[in-house]
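These notes are about the structure you will find just below.
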Protein chains: 2
Amino acid sequence: MSMRQSRQRDVVLELVRSTMDHPTANWVYRQARRRLPRISLATVYRNLKRLAAEGVIREVQSAGQARFDCNLGRHYHIRCVSCGRLGDLPLSVDARLEEQAGRATSYRILGHEVEVHGLCPLCQSRDDASHQNQ
Amino acid sequence: MSMRQSRQRDVVLELVRSTMDHPTANWVYRQARRRLPRISLATVYRNLKRLAAEGVIREVQSAGQARFDCNLGRHYHIRCVSCGRLGDLPLSVDARLEEQAGRATSYRILGHEVEVHGLCPLCQSRDDASHQNQ
DNA sequence: TTGCTTGCAAAGGGTTTGCATAGGA
DNA sequence: TCCTATGCAAACCCTTTGCAAGCAA
């Protein structure tokens, strides 16, 4: 794959793999600077994109922002509408959806994504607390 | 709902309702200018957002861009990975997904979205044509 | 008249790119 | 050495905002 090794790329990959939180580029950048204070946001973006292009990680679009996922298996996501947190949804992927979509349209089907949205536990308790003050 | 009438808003709404194509703000802007040459992109955005906030249309995020949908019923979408076209997917919505997600997580579930991706008929034939020339 | 709506221009957030330098193989 | 990867700054795209003027109620 002709990808040379670099300290920056190693750190970016380690960071994406360090969390289940599907981090944004900016989160990876902030964390990376703690180890490589001179790393630039452009380098973080280039490495995230490159790693995704090589299939080492996966890029997911959520609420209009790119997030990066080290879990390469097919799975669904759940997003908190309040804080934006994106998590894995441990459900089995619906295999029939794609054949149904193929029959229902003239598209050549390549895949599908499911994003459930709701309030994460933290934002639920934050909400409950603020309601008590009204 | 305290929404005053305006020619600009009428045109924006008419345009979103004129197509099943889930247009972007920029598409609406280009079309609107044919009828109101002095309309600004900011006005188009303000009206699209306002109409979505009032529940007259719906905003959908697709491939990192906002698109606007006059179909208020719950339904799934299909996106062409090549040209970005977003269409409706005429499949019944999976009601069990949300209860399963509720059981599998500690989120308070509010809804879910499904986007199937593939190649639309136009991009398929474009692809086939270009392969013949190789 | 009142105050919502507009056009314009500028700013904003996230992401990408040009370029000279640094640094793996 | 050769060529990829980097840091920096500027550019880019999409979207939002401040403001004075316009216009519906």
Side-chain angles (χ1 to χ4, degrees), chain A residues 1-16 21-54 56-69 79 82-86, chain B residues 1-16 21-54 56-69 79 81 83-86:
Chain A
M1 61 168 73
S2 89
M3 234 195 331
R4 223 173 241 188
Q5 200 192 344
S6 83
R7 182 91 186 97
Q8 288 86 341
R9 178 139 55 221
D10 293 346
V11 168
V12 165
L13 179 54
E14 262 178 56
L15 285 167
V16 174
D21 269 0
H22 307 79
T24 62
N26 198 53
W27 182 91
V28 174
Y29 173 56
R30 290 197 312 272
Q31 299 301 313
R33 264 197 307 188
R34 299 175 15 175
R35 296 200 224 165
L36 303 172
R38 296 187 56 78
I39 196 174
S40 74
L41 183 55
T43 294
V44 170
Y45 268 107
R46 275 186 292 234
N47 281 316
L48 288 169
K49 290 281 179 183
R50 185 71 192 280
L51 289 165
E54 303 284 352
V56 182
I57 63 176
R58 201 147 62 98
E59 177 175 351
V60 195
Q61 211 57 44
S62 175
Q65 260 211 139
R67 289 175 173 270
F68 298 87
D69 189 347
R79 169 172 59 90
S82 176
C83 67
R85 175 191 313 281
L86 191 69
Chain B
M1 60 167 71
S2 89
M3 239 199 322
R4 222 174 242 189
Q5 201 192 343
S6 84
R7 182 91 186 97
Q8 289 87 337
R9 179 140 54 222
D10 293 347
V11 168
V12 165
L13 180 54
E14 264 179 55
L15 284 168
V16 174
D21 269 0
H22 307 79
T24 61
N26 199 51
W27 182 91
V28 174
Y29 173 55
R30 290 198 312 274
Q31 300 301 312
R33 263 196 308 187
R34 296 167 29 169
R35 296 200 223 166
L36 303 171
R38 296 187 54 78
I39 195 174
S40 74
L41 183 55
T43 295
V44 170
Y45 268 106
R46 274 186 293 235
N47 280 316
L48 288 169
K49 290 282 180 183
R50 185 72 193 279
L51 289 164
E54 301 285 351
V56 181
I57 63 176
R58 199 148 62 98
E59 177 173 352
V60 195
Q61 211 56 45
S62 175
Q65 261 212 140
R67 289 176 172 270
F68 298 87
D69 189 347
R79 169 172 59 90
V81 297
C83 68
R85 175 193 312 282
L86 191 71

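What's counted below: heavy atoms across the whole structure, side chains too, no hydrogens, waters or symmetry copies. Keep in mind the model is a prediction, meaning the values are calculated, not measured. A note on names: the letters A, B, ... follow the listed sequences, proteins ahead of strands, and every chain is numbered from 1.
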> Does a donor on one side chain sit under 3.5 Å from an acceptor on the other, for B:Asp10 and B:Gln5?
Replying inline: yes
>> Using the side-chain heavy atoms of B:Met3, tell me which of these nucleotides is nearest: D:dC14, C:dT5, C:dC8.
In response: C:dT5
> Has the side chain of B:Arg9 got a donor or acceptor atom that lies under 3.5 Å from a matching backbone atom of B:Thr43?
Replying inline: no
> Taking for each residue the nucleotide of DNA chain D with the nearest heavy atom, is it B:Glu59 or A:Leu36 whose nucleotide lies nearer the 5' end?
Replying inline: A:Leu36
>> Please classify the nucleic acid contact of B:Arg46 as base, sugar-phosphate, or nothing, using heavy-atom distances under 4.0 Å.
In response: base
> For the side chain of A:Ser6, counting heavy atoms from C-beta on, which of D:dA5, C:dC19, C:dG14 is nearest?
Replying inline: D:dA5
> Mapping B:Arg4 and B:Asn47 onto DNA chain C by nearest heavy atom, which one lands closer to the 5' end?
Replying inline: B:Arg4
>> Using salt bridge (charged side-chain N to carboxylate O under 4.0 Å, His left out), reason through A:Lys49 and A:Glu59 one step at a time and then give a plain yes or no.
In response: CA-CA 8 Å; A:Lys49 290 281 179 183; A:Glu59 177 175 351; 3.0 Å; yes
> Tell me: CD of A:Gln61 to C1' of D:dC13, nearest whole Å?
Replying inline: 13 Å
>> Ignoring hydrogens, what is the shortest heavy-atom contact between B:Ala66 and B:Gln61? Give both atom names and the distance.
In response: N-NE2, 3.6 Å
> Quick one: the side chain of A:Arg7 and the base of C:dG24, do they pair up donor-acceptor inside 3.5 Å?
Replying inline: no
> Under 4.0 Å: is that the gap between some side-chain N or O of A:Thr43 and OP1 or OP2 of D:dG7?
Replying inline: yes
> Taking the side chain of A:Gln5 as its heavy atoms from C-beta onward, which of C:dA25, D:dT15, C:dT15 lies nearest to it?
Replying inline: C:dA25
> When the distance from CZ of B:Arg35 to P of C:dT6 is rounded to whole Å, what number comes out?
Replying inline: 15 Å
>> Looking at B:Lys49, I'd like to know whether one of its side-chain N or O atoms comes within less than 4.0 Å of OP1 or OP2 on D:dT16.
In response: yes
> Looking at D:dA25, D:dT16, C:dG14, which one has an atom nearest to any side-chain atom of A:Gln65?
Replying inline: C:dG14
>> What is the separation between atom OH on A:Tyr29 and atom P on C:dT15, rounded to the nearest whole Å?
In response: 14 Å
> Which residue, B:Leu41 or A:Ala42, contacts DNA chain D at a nucleotide closer to its 5' end, judged by nearest heavy atom?
Replying inline: A:Ala42
>> If I take atom OH in residue B:Tyr45 and atom P in nucleotide D:dT17, what distance separates them, rounded to the nearest angstrom?
In response: 13 Å
> So what does B:Ala66 touch, heavy atoms closer than 4.0 Å: a base, only the sugar-phosphate, or nothing?
Replying inline: sugar-phosphate
> Where the side chain of A:Ser40 is defined as all heavy atoms beyond and including C-beta, which of D:dA25, D:dG7, C:dG7 is the nearest nucleotide?
Replying inline: D:dG7
>> side chain to side chain contact (heavy atoms under 4.5 Å, CB included), that's the test. Do A:Ile57 and A:Asp69 meet it? Break it down for me.
In response: CA-CA 6 Å; A:Ile57 63 176; A:Asp69 189 347; over 6 Å; no
> Roughly, in whole Å, what's the span from CG in A:Leu51 to P in D:dT4?
Replying inline: 17 Å
> What does B:Ile39 touch in the nucleic acid at a heavy-atom separation under 4.0 angstrom: a base, only the sugar-phosphate, or nothing?
Replying inline: sugar-phosphate
